[in-house]
2 protein chains.
Amino acid sequence: MMIDTILVSLQQSGHRDTRPRRAIVEVIVGRQGAFTAREIVAEMAPHGFGRATVYRTLAALQSLGYVTRLHVGPECDRYTISDGSHHHHLVCTACGAVFPIAGCEVEQAAHTVARRIGFAVDGHHLDVYGRCATCGVRRRSED
Amino acid sequence: MMIDTILVSLQQSGHRDTRPRRAIVEVIVGRQGAFTAREIVAEMAPHGFGRATVYRTLAALQSLGYVTRLHVGPECDRYTISDGSHHHHLVCTACGAVFPIAGCEVEQAAHTVARRIGFAVDGHHLDVYGRCATCGVRRRSED
DNA sequence: GTGGTTGCAAACGCTTTGCAACATG
DNA sequence: CATGTTGCAAAGCGTTTGCAACCAC
């Protein structure tokens, strides 16, 4: 179970396996798509878990690489689950689904340009947004 | 002069050529690199121009495509001058220099993946950060 | 003169933090 | 039973907005 893997990682990095944290991780894993801190806070409220806890947990997950911040259009407050191996995503603006982009292809293109001007690349961020196959089909028949 | 071009565009879109606006555009054009709203506000303060004006002008320039919001690492509050033709940048984290990346190469890679999964791409955002040639050399000799 | 523009200050929303009580390992 | 964690409320931060005076056209 992905949830336990993450909780174990948290423990290994000196954190504890607590009820609020577990609930937050469960929600995030269950979503399988982009989400905002706001949304998680709303889902935690009924359980009596506060926003501070959500933000702190999100920060911890981010530093462990389990969560990545997306930059879709003008928005920069969305996150997605990540396994740390790829940094790029196709984000569906309709349903929030997130598909990983194999890093190599994009990275190669960026590095080609960088090399040409002697730029030393430290990192990069790419997010592509649009409609996933499911939502694209739905649009054609419903819009 | 780039400055007048922008001011004329503003006028053509129903805006007016005012002293504060001109000052803001001048500063932005003069920088030739990434900047934050905060920095522009600080530079305008001595002239008696307020933050609201800076933010409103920045928004107008953005809607005209003269300014683009960058997403460098965890930051999403930096902007850069843009001519609207390319959406990708190599951003130097040392001096703030911004180099455009020809869109085609990166776009092609992203579209290859998108096509494979039936994803309809609406837009995308890529920013690569690191050290430009000048700062890279300086680092080797000074750090 | 009219309507867009301005500065100010207050409001805003999201995020962070100080703190005392609490619960995990 | 020590220390990381929690919820709460207050503070922090960058940004936006309401408003009356103002100025470009």
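Letters A, B, ... are given to chains in the order of the sequence lines, protein chains preceding strands, and every chain is numbered from 1.
Scanning for side-chain contact (heavy atoms from CB on, under 4.5 Å) contacts around B/V41 gives B/R51, B/V54, B/Y55, with sequence neighbours left out. Scanning for salt bridge (Lys or Arg N to Asp or Glu O under 4.0 Å) contacts around B/R38 gives an empty result, with sequence neighbours left out. With sequence neighbours excluded, the residues satisfying side chain to side chain donor-acceptor pair (under 3.5 Å) with B/S13 are B/H15. Residues passing the side chain to side chain donor-acceptor pair (under 3.5 Å) test with A/R31, sequence neighbours excluded: A/E39, A/E43.
Residues from residues 10-19 of chain A placing a heavy atom under 4.0 Å of any atom in DNA chain C, listed by number, are A/Q11, A/R16, A/D17.
Closest approach of A/A42 and A/P46 over heavy atoms only: O-CD, 3.1 Å. When all heavy atoms are compared, the tightest approach of A/Y66 to A/S9 is OH-OG, 2.6 Å. Taking all atoms of both residues into account, the shortest heavy-atom contact from B/F35 to B/L58 is CE1-CD1, 4.1 Å.
B/E39 places its CD atom 16 Å from the C1' atom of D/dT15, with the value rounded to the nearest Å. Atom CE of A/M44 and atom P of D/dC8 are 14 Å apart (whole Å). Remark: C1' of C/dA21 and CZ of A/F49 are 16 Å apart, rounded to the nearest angstrom.
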Please list, for nucleotides 15-17 of chain C, all pairs of protein and nucleotide N/O atoms separated by less than 3.5 Å.
residue : atom : partner : partner atom : Å
C/dT15  : OP2  : A/Y55   : OH           : 2.2
C/dT15  : O5'  : A/Y55   : OH           : 3.3

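Hydrophobic clustering, with ILVMFWY side chains joined whenever heavy atoms are under 4.5 angstrom apart, keeps B/I6 apart from B/V8.
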